[in-house]
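Below is one structure, written out as structure tokens, with a few remarks after it.
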Amino acid sequence: MGRGRVQLKRIENKINRQVTFSKRRSGLLKKAHEISVLCDAEVALIVFSTKGKLFEYSTDSCMERILERYERYSYAERQLAGNEVDQNGSWTLEHAKLKARMEVLQRNQRHFMGEDLDNLSLRELQNLEQQLDSALKHVRSRKNQLMFESISELQKKDKALQEQNNMLAKKVKEKEQAVAQQAQWEQQNNCQDTSAILLPQPMSGTYEARSSGREEEGNPAQHRGANALLPPWMIRHLE
């Protein structure tokens with residue numbers, strides 16, 4: 001026959017309970033040793049009997065080191081769990097506050113837009129009217145400030161453009177005067193050149209007249225040739 005399934009409950013017979021404790025304790029220590037060898041794990045096993053006798057097993061006899069490591073990890077896990085609980089609680093409270101605030105802001109926005117006013121009392125409507133009047137004053141003040149700033153900026157631009165226009169007009173006038181003076185100077189030079197070409201040379205004409213007077217008796221042909229070179233008015237004067 002196979003072994004039957006043992007019901008997990010306290011064994012009432014003291015002798016049978018002691019025998020079962022000895023057998024199960026040996027098997028438990030054996031399994032702890034096997035898992036430490038097969039899996040290269042650090043195992044610590046502590047068992048107290050009903051009479052308070054201690055039975056223990058630890059990997060490489062390092063019970064203190066394993067217990068210290070256990071305490072360290074256990075403390076860290078407890079701290080982390082506590083922080084998570086506190087953090088979750090704080091986040092829940094913060095979420096509730098933000099949700100309530102958002103609802104208030106949405107309700108105020110609807111009131112400012114003239115919606116959902118039926119549930120408001122007379123005092124609340126008066127407060128809402130005062131808030132709207134104050135907001136309208138701020139809006140108008142800001143609008144007037146922007147308009148004044150825009151006008152001032154346009155006036156500055158207009159002044160700068162006028163100064164630039166005056167400067168350009170002055171440069172154009174100076175350029176026209178320079179061109180007129182240049183044209184007048186060129187005209188005067190042309191007149192002087194024309195006068196120098198048309199007028200005869202008095203010294204050379206007088207010299208030729210005197211020479212022709214001295215040589216008139218000796219060489220009539222030369223006299224006639226000299227007269228041919230002279231202007232008519234000088235010939236009449238010589239005759």
Side-chain angles (χ1 to χ4, degrees), residues 1-139 142:
M1 293 180 62
R3 296 177 58 184
R5 184 174 182 182
V6 179
Q7 187 178 3
L8 294 178
K9 67 177 183 178
R10 184 175 181 271
I11 300 173
E12 298 297 335
N13 192 324
K14 185 177 180 181
I15 298 173
N16 294 337
R17 187 169 60 245
Q18 184 65 31
V19 173
T20 303
F21 174 77
S22 299
K23 291 180 180 181
R24 295 297 179 98
R25 181 199 63 201
S26 300
L28 185 60
L29 294 175
K30 182 180 179 182
K31 293 295 184 182
H33 175 70
E34 290 176 356
I35 192 173
S36 64
V37 174
L38 295 175
C39 302
D40 194 18
E42 292 184 357
V43 179
L45 176 62
I46 300 175
V47 179
F48 288 95
S49 66
T50 55
K51 295 181 179 180
K53 189 176 181 179
L54 173 63
F55 301 92
E56 65 178 34
Y57 171 81
S58 62
T59 306
D60 297 333
S61 301
C62 297
M63 179 64 72
E64 290 79 5
R65 186 170 59 84
I66 295 175
L67 290 177
E68 181 182 358
R69 184 178 180 183
Y70 169 76
E71 288 292 333
R72 185 168 63 252
Y73 276 87
S74 179
Y75 176 78
E77 289 180 357
R78 287 195 300 270
Q79 289 294 111
L80 182 60
N83 292 334
E84 288 179 355
V85 172
D86 295 339
Q87 188 174 6
N88 291 332
S90 62
W91 279 115
T92 303
L93 182 61
E94 188 69 19
H95 177 265
K97 290 181 180 179
L98 292 176
K99 186 177 180 180
R101 185 177 180 183
M102 185 178 66
E103 291 177 355
V104 172
L105 292 175
Q106 290 177 351
R107 185 174 63 252
N108 291 335
Q109 184 180 6
R110 289 194 299 269
H111 291 166
F112 289 144
M113 296 297 294
E115 301 175 356
D116 297 340
L117 302 178
D118 297 335
N119 297 325
L120 297 180
S121 62
L122 179 61
R123 186 175 183 83
E124 291 175 347
L125 290 174
Q126 290 176 352
N127 292 331
L128 179 62
E129 185 180 7
Q130 292 177 358
Q131 292 178 1
L132 291 174
D133 290 338
S134 177
L136 185 60
K137 290 180 181 179
H138 287 296
V139 171
R142 180 58 180 168

> Stepwise, does the side-chain contact (heavy atoms from CB on, under 4.5 Å) test hold for Val19 with Lys23?
Replying inline: CA-CA 6 Å; Val19 173; Lys23 291 180 180 181; 3.8 Å; yes
> Ignoring hydrogens and geometry, is there a side-chain-to-backbone donor-acceptor pair from Arg110 to Glu115 under 3.5 Å?
Replying inline: no
>> Please check this pair: side chain of Ser36 against backbone of His33, looking for a donor-acceptor N/O pair closer than 3.5 Å.
In response: yes
> Under 6.0 Å from the CZ atom of Arg72, do we count more than 12 heavy atoms belonging to anything else shown?
Replying inline: yes
> With a 4.5 Å heavy-atom cut-off, do Leu122 and Gln126 have their side chains touching?
Replying inline: yes
> Which heavy atom of Thr59 sits nearest a heavy atom of Ala41, and at what distance?
Replying inline: OG1-O, 3.5 Å
> Heavy-atom count around Leu67 CG within 6.0 Å, excluding the residue itself: above 12?
Replying inline: yes
> When you measure from the side chain of Ser134 to the backbone N and O of Gln130, does any donor-acceptor pair fall under 3.5 Å?
Replying inline: no
>> Does Glu129 form a side-chain contact (heavy atoms from CB on, under 4.5 Å) with Leu125? I'd like the steps, not just the answer.
In response: CA-CA 6 Å; Glu129 185 180 7; Leu125 290 174; over 6 Å; no
>> I need the Ile11 CD1 to Thr20 OG1 distance, nearest 0.5 Å.
In response: 3.5 Å
> Counting only N and O atoms by type, is there a donor-acceptor contact under 3.5 Å from the side chain of Ser58 to the main-chain atoms of Ala44?
Replying inline: no
> Above 12 or not: heavy atoms from other molecules or residues under 6.0 Å from CG of Leu54?
Replying inline: yes
> Any chance CG of Asp40 has more than 12 other-residue heavy atoms, nucleotides or ligands included, within less than 6.0 Å?
Replying inline: no
> Would you find more than 12 non-hydrogen atoms of other residues, nucleotides or ligands less than 6.0 Å from Tyr70 atom OH?
Replying inline: no
> Does a side-chain heavy-atom distance below 4.5 Å link Met113 with His111?
Replying inline: no
> Under 4.0 Å between a Lys/Arg side-chain N and an Asp/Glu carboxylate O for Arg69 and Glu71?
Replying inline: no
> Would a 4.5 Å heavy-atom cut-off, applied to side chains only, mark Arg25 and Leu29 as touching?
Replying inline: yes
>> My understanding is that only one of Lys97, Glu103, Arg101 makes a side chain to side chain contact (heavy atoms under 4.5 Å, CB included) with Lys99; could you say which?
In response: Glu103
> NZ/Lys14 to OG1/Thr50 distance, rounded to the nearest 0.5 angstrom?
Replying inline: 7.5 Å
> If you take all heavy atoms of Glu42 and Arg65, which pair is closest and at what distance?
Replying inline: OE2-NH1, 3.2 Å
> Leu132 and Leu136: side-chain contact (heavy atoms from CB on, under 4.5 Å), yes or no, with the steps?
Replying inline: CA-CA 6 Å; Leu132 291 174; Leu136 185 60; over 6 Å; no
>> With side-chain contact (heavy atoms from CB on, under 4.5 Å) as the criterion, how do Phe21 and Val47 come out once you've worked through the C-alpha distance, each side chain's angles and the decisive distance to 0.1 Å?
In response: CA-CA 10 Å; Phe21 174 77; Val47 179; 3.9 Å; yes
>> Can you tell me if Glu34 has over 12 outside heavy atoms packed within less than 6.0 Å of its CD?
In response: yes
